Chemist: 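Got a structure for you, written out below as structure tokens; questions coming shortly.
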2 protein chains.
Amino acid sequence: MATIYQVSERAGVSLATVSRVMNGSAKVGEATRTKVLKAMQELNYRPNSIAQSLASNCSNSVGMLVSEVHGPFFGEMMSGVENELRSVGKHVIIAAGHSDVASEKDAIEFLISRKCDALILHVDAVTDEYLLELHKQTPVVVLNRLVKGMEENCICLNNELGGYLATKAMLELGHKQIAYISGPLFKLDVRDRLAGHQRALQEAGLVFDPGLFMEGDFHEAGGVAAMEKLLARGRSFSAVVCANDEMACGAMNCARDNRLEIPKDLSIMGFDNVIMSRYTFPHLSTIDFPAGEMGRMAARWVRKHIYQDDKLKVQNLFEPSLVLRDSALPVSA
Amino acid sequence: MATIYQVSERAGVSLATVSRVMNGSAKVGEATRTKVLKAMQELNYRPNSIAQSLASNCSNSVGMLVSEVHGPFFGEMMSGVENELRSVGKHVIIAAGHSDVASEKDAIEFLISRKCDALILHVDAVTDEYLLELHKQTPVVVLNRLVKGMEENCICLNNELGGYLATKAMLELGHKQIAYISGPLFKLDVRDRLAGHQRALQEAGLVFDPGLFMEGDFHEAGGVAAMEKLLARGRSFSAVVCANDEMACGAMNCARDNRLEIPKDLSIMGFDNVIMSRYTFPHLSTIDFPAGEMGRMAARWVRKHIYQDDKLKVQNLFEPSLVLRDSALPVSA
DNA sequence: GCTAATAATGTAAGCGCTTTCACAAATGTT
DNA sequence: AACATTTGTGAAAGCGCTTACATTATTAGC
């Protein structure tokens, strides 16, 4: 592989000049530029990005940490990030945190030692304090989590609004007895979604009934289990809104196993609008989570603040929206 | 951030010695080693991996190119690769090829300029010749595609066997009239799956009937369209095997829209065992595609051949397996 | 026509490591 | 006791770039 030195030799100029035509960092005469370009071409020269990084103290790479590489949104988010970044010649290094404190910290250390210019984090185990501290050391953007003191670095979804919209949709279909299966309550977004649910109820003059509430685990099995318990309580309800699509699937399957027809006997609402929701039977009504857009925005944040792409605008808060499909119907009778 | 120089100063030894204790590349006296380790600790030293890469001519990174970052197997494959590689301190840089020749080549160029120690490719647009050529220039492992002349570098699934197993399962349930919805025939794996289907038919003494065959596009809509046409032909069949799960979903939905009950009136088989197949109604019977394992194996290939982890064994051919769920039933009457 | 800017290019000092080579000290061999 | 090994360490030359800073060529100003 040719080096910058060989190019300079062939073009009959100095190293510095070659570097200058590569980076456009200073004026170069038209004739020289052409000579250099020609030499590059002939040698099929490709700059060694490692050397560039070392010399410029900029690795042109950003680290992305997600809970699970094969998790439901990851693909979408990742895709947004990759697209946005590669279009400007930066690359993304990925790592998984497995929702475990030690593992997340470990991955972050790894990314830092890799000299990433910035970190895009989708984490849920480490504390806010840790993130705040990290933020002082290295540029960080946090996805789907609002950390007090670094709001500018967070790209979030308005989860409260999502929860609100989900329940509101059911209310508008005439449902009055609405069960709610939440995610693990230690997560902030889970509590926000629940708060939205409660607000919708309240606005409709309904009171939140703990008897129609279950804490789930965001997995299908958790949805099944929650539904099972809900049914076992013998309370009547015509709709159930779930804090994510997986649990909604579980709930649907469980309901069906209990001879309830969906949506005739029971309406179901999910959350996230993961790919799968388009394939279930019946197709799941859900709340769209613009994961791809948010990933793209995180990347844009990095472009703007780290790579000085000043005119870029970044949007910190995203709005969820309702996706009505077949799993929810007006209350019958 | 501390440099190796500061560590050496503090420990009262030379740069070289510090480097040696870091890499274990040569013997260092016990006392010195302790001194150095202590100095590192005190300075919270973290080697600059960029500098290491430049000096050692090894970037400790491997590039991974996939069709779509948010594609169906990508998450699984990626996850396998990331796991295997990060456990040994290497990182993975990702890029998407979008099944387009120019885009794939572009991404490969990008990865190469990034000095990846090896490339893991999941591509379908570039030609075998191109891959062969690339293989001469830089270490490459190809996923899910057998390239003649570099078989050792390919990690494949026995697609023919998969196709065979899918149809065989239907035959064993007593089905005699089995429709087949394939993927785009320009893809090798698609043709292999079809060949397996035909072999199963043949072994059962049945002849392949073009009237029960449709070429699809691997997407849900394609499954719907194919099913529609199949139905429109007015031919009778009691089972349909699809070349992937998405199309199987489409086919199921379409069949249902045409008042066919699944699996009572029609049995359906998918291929790939993507996450989604566990959530459909009824749960989809399918052929398991061990994407995660294959990704892991690709990473292991790299560890073995590039990072000299000699005792590692790599398996080039993977066997698919049947996953029977609810969408296939013995033929009724 | 002479000085002061300005533009274009070259020189060389790093960036933070690895690694070869040389050398001194410790150990083993007869 | 003389020599050959082995072991531990340091000096220094890169790796392929970027980027002050220095230098020369060009143009402008008067």
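Letters A, B, ... mirror the listed sequences (proteins, then strands); counts begin at 1. Quick caveat: nothing in here was measured; it's all calculated off a predicted structure.
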Chemist: Could you tell me whether B:Glu84 and B:Lys90 make a salt bridge, using a distance below 4.0 angstrom between a side-chain N and a carboxylate O?
Modeler: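 Answer for the salt bridge query: no.
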Chemist: What is the 5' to 3' range of DNA chain C, first to last nucleotide, that sits under 4.0 Å from any heavy atom of chain A?
Modeler: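 Under 4.0 Å from chain A, the extent on DNA chain C is C:dA8 to C:dG16.
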Chemist: Within the structure shown, what part of the strands sits under 4.0 Å from A:Ser19 by heavy-atom distance: base, sugar-phosphate, or nothing?
Modeler: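 Base contact - A:Ser19 has a heavy atom under 4.0 Å of at least one base atom.
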Chemist: What are the two closest non-hydrogen atoms of A:Tyr45 and A:Ile4, and how far apart are they?
Modeler: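 Heavy atoms only, the tightest pair is CE1-N, 3.5 Å.
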Chemist: Using a cut-off of 4.0 Å on non-hydrogen atoms, how would the nucleic acid contact of B:Asn48 be classed: base, sugar-phosphate, or nothing?
Modeler: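 Touches sugar-phosphate only.
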Chemist: Do A:Asp106 and B:Arg86 pass the salt bridge (charged side-chain N to carboxylate O under 4.0 Å, His left out) test, and can you show the C-alpha distance, the side-chain angles, and the key distance before you say yes or no?
Modeler: CA-CA 11 Å; A:Asp106 190 65; B:Arg86 196 152 72 78; 3.4 Å; yes
Chemist: Of the non-hydrogen atoms in A:Cys116 and A:Gly63, which two are nearest, and what is the gap between them?
Modeler: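 Smallest heavy-atom distance, with atoms named: SG-N, 3.4 Å.
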Chemist: Surrounding CG of A:Asp309 (heavy atoms of other residues, nucleotides or ligands, distance under 6.0 Å), is the total greater than 12?
Modeler: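 Yes, because the 6.0 Å sphere around CG of A:Asp309 holds more than 12 heavy atoms from other groups.
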Chemist: Does A:Tyr5 have a side-chain nitrogen or oxygen under 4.0 Å from the phosphate oxygens OP1 or OP2 of D:dG14?
Modeler: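 Checking A:Tyr5 against D:dG14: no side-chain N or O falls below 4.0 Å of OP1 or OP2.
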Chemist: Atom pairs under 3.5 Å, N or O on each side, protein against nucleotides 5-9 of chain D: can you list them with distances?
Modeler:
unit_1, atom_1, unit_2, atom_2, d
D:dT9, OP1, B:Thr32, OG1, 2.4
D:dT9, OP2, B:Gly29, N, 2.6
D:dT9, OP2, B:Thr32, OG1, 2.9

Chemist: Just checking, is any N or O donor in the side chain of B:Asn23 or B:Ser19 under 3.5 Å from an acceptor N or O on the other one?
Modeler: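 Yes, side-chain donor-acceptor contact under 3.5 Å.
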Chemist: Nearest 0.5 Å please: distance from the NE2 atom of B:His135 over to the SG atom of B:Cys154.
Modeler: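 Between B:His135 NE2 and B:Cys154 SG, I get 8.5 Å after rounding to 0.5 Å.
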Chemist: Would you mind reading off the bend of the helix from C:dG1-D:dC30 to C:dT30-D:dA1 from its two end axes, five pairs each, to 10 degrees?
Modeler: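 One end's axis against the other's: 30°.
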Chemist: Is it true that the side chains of B:Asn60 and B:Tyr307 contain a donor and an acceptor less than 3.5 Å apart?
Modeler: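 No, because no side-chain N or O of B:Asn60 sits under 3.5 Å from a partner of the opposite role on B:Tyr307.
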Chemist: Could you give me the CA-CA distance, side-chain angles and deciding distance for B:Lys187 and B:Asp124, then say whether salt bridge (charged side-chain N to carboxylate O under 4.0 Å, His left out) is met?
Modeler: CA-CA 8 Å; B:Lys187 297 194 183 190; B:Asp124 40 35; 3.3 Å; yes
Chemist: Here's a test of your reading of the structure: between B:Ser25 and A:Leu15, which maps to the more 5' nucleotide of DNA chain C?
Modeler: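 First, find each residue's nearest nucleotide; the 5'-ward one identifies A:Leu15.
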Chemist: Roughly, in whole Å, what's the span from CG in B:Leu54 to C1' in D:dG14?
Modeler: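 In whole Å, D:dG14 C1' lies 9 Å from B:Leu54 CG.
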Chemist: For the residue pair A:Met150 and A:Leu131, what are the closest heavy atoms and their distance?
Modeler: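 Smallest heavy-atom distance, with atoms named: SD-O, 3.8 Å.
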Chemist: Tell me whether B:Lys38 is salt-bridged to B:Glu42, with the criterion being a basic N under 4.0 Å from an acidic carboxylate O.
Modeler: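 A salt bridge is present here (some side-chain N lies under 4.0 Å from a carboxylate O).
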Chemist: Mind calculating the distance between CD1 (B:Ile50) and P (D:dT18) to the nearest angstrom?
Modeler: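 Those two atoms, CD1 and P, are 13 Å apart.
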